[in-house]
2 protein chains.
Amino acid sequence: MFQALADPNRRQMVQRLCEGPASVSELAQPFQMTLSAVVQHLAVLEGAGLVRTQKIGRVRTCQLDTQALRAAERWISERRALWERRFDRLGAFLAEQDVKEGDGA
Amino acid sequence: MFQALADPNRRQMVQRLCEGPASVSELAQPFQMTLSAVVQHLAVLEGAGLVRTQKIGRVRTCQLDTQALRAAERWISERRALWERRFDRLGAFLAEQDVKEGDGA
DNA sequence: TGGTTGGTGAAGCATGAGCTTAAGTATCGC
DNA sequence: GCGATACTTAAGCTCATGCTTCACCAACCA
């Protein structure tokens with residue numbers, strides 16, 4: 001999942017898909033690379049659950065699936081919150097220590 | 001940044017650092033790998049701005065820096081929101097297409 | 001019907017990521 | 001001072017990743 005978002009090209013594809021569904025060729029258009037390469041990136045994104053695709057006739061249409069994005073967002077925000085809460089506690093503790101220091105000794 | 005979080009070992013380190021600062025050796029303890037390898041992971045995390053470290057005497061202490069986490073969170077949530085807003089506008093239509101495709105043909 | 005378009009699949013190649021070993025440096029405790 | 005501790009640095013090895021080429025199939029359309 002993070003693996004999938006690690007590549008700049010794939011992030012750009014996600015970016016593109018934010019603006020609406022696209023066929024494989026449309027998705028490949030802004031890139032220099034081969035259609036083959038694009039399809040491989042697409043496979044990674046799909047494997048990570050970031051993108052869903054369906055083929056109609058000979059054209060495969062891709063769109064974002066926000067489930068995985070949600071999961072990633074949650075992972076990050078949980079950890080951030082955890083650390084920041086800890087930091088607050090530490091801050092309070094240090095402040096208290098300070099008070100005691102300045103006061104007692 | 002996403003690159004840095006792409007590796008499971010590094011995510012585990014981040015996890016560990018959520019619970020408080022740690023020295024390099026402490027951080028390395030749960031892993032099978034060499035201290036060297038851990039330091040290399042640490043360098044990646046630090047390079048991504050996820051971790052800050054300072055060396056006192058001969059021990060280097062590491063702690064989370066939530067700035068980068070915040071940035072990642074923002075990137076994801078912006079894109080998710082963008083797509084979901086779009087989905088709301090187009091949603092009924094696309095969903096209907098989906099149903100017809102998957103069901104009828 | 002046959003050419004063009006849109007995508008698929010496999011093979012191969014170059015680079016980089018993740019790890020190890022090994023040797024080195026700076027501190028700490030005795 | 002001297003050995004142990006806590007890293008640091010460099011080199012090398014292996015396997016995964018990102019890409020290309022090429023052959024191929026399937027649908028569209030003139």
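A, B, ... follow the sequence lines: proteins, then strands. Residue 1 opens every chain.
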Measure from [atom1] on [X] to [atom2] on [N] and round the result to the nearest Å.
X       : N      : atom1 : atom2 : result
B:Phe31 : C:dG18 : CZ    : C1'   : 13 Å
A:Asp7  : D:dT17 : CG    : P     : 11 Å
A:Met33 : C:dA14 : CE    : C1'   : 16 Å
A:Arg11 : D:dG18 : CZ    : C1'   : 15 Å
B:Gln3  : C:dA17 : CD    : P     : 6 Å
A:Leu27 : C:dG6  : CG    : C1'   : 14 Å
B:Leu42 : D:dA6  : CG    : P     : 16 Å
B:Gln54 : D:dT8  : CD    : P     : 13 Å

Legend entry - Closest nucleotide among D:dC7, D:dG18, C:dT20 to the B:Ala37 side chain: C:dT20

Legend entry - Nearest-nucleotide pick for A:Leu35, side chain only, options being C:dT8, D:dT8, C:dG18: C:dT8

Inset, instruction - Please state whether the base of C:dT21 and the side chain of B:Ser36 form at least one donor-acceptor pair under 3.5 Å? - result: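 Indeed there is one.
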
Legend entry - Side-chain-base donor-acceptor pair under 3.5 Å for B:Gln40 and D:dT8: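 Side chain to base: no pair present.
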
Inset, instruction - Name every residue in residues 55-62 of chain B that has at least one heavy atom under 4.0 Å from any atom of DNA chain C, in order of residue number, or write none if there are no such residues. - result: B:Gly57, B:Arg58

Inset, instruction - Check the surroundings of atom CD in A:Gln29: do more than 12 heavy atoms from other residues, nucleotides or ligands lie under 6.0 Å from it? - result: no

Inset, instruction - State whether a side-chain donor-acceptor pair under 3.5 Å links A:Thr53 with A:Arg60. - result: yes

Inset, instruction - Ignoring hydrogens and angles, state whether a donor on the side chain of B:Thr61 or B:Gln54 is under 3.5 Å from an acceptor on the partner side chain. - result: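 No pair is found: no donor N or O on one side chain lies under 3.5 Å from an acceptor on the other.
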
Inset, instruction - May I ask you to check if B:Arg85 and B:Trp83 form a cation-pi contact, with NZ or CZ under 6.0 angstrom from the six-membered ring centre and within 45° of the axis? - result: no

Legend entry - D:dA6 OP1/OP2 closer than 4.0 Å to side-chain N/O of B:Ser25: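 B:Ser25 to D:dA6 OP1/OP2: no side-chain N or O under 4.0 Å.
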
Can a salt bridge be assigned to the pair [X] and [Y] using a cut-off of 4.0 Å between side-chain N and carboxylate O?
X       : Y       : answer
B:Arg52 : B:Glu46 : no
B:Glu78 : B:Arg74 : no
A:Glu19 : B:Arg79 : no

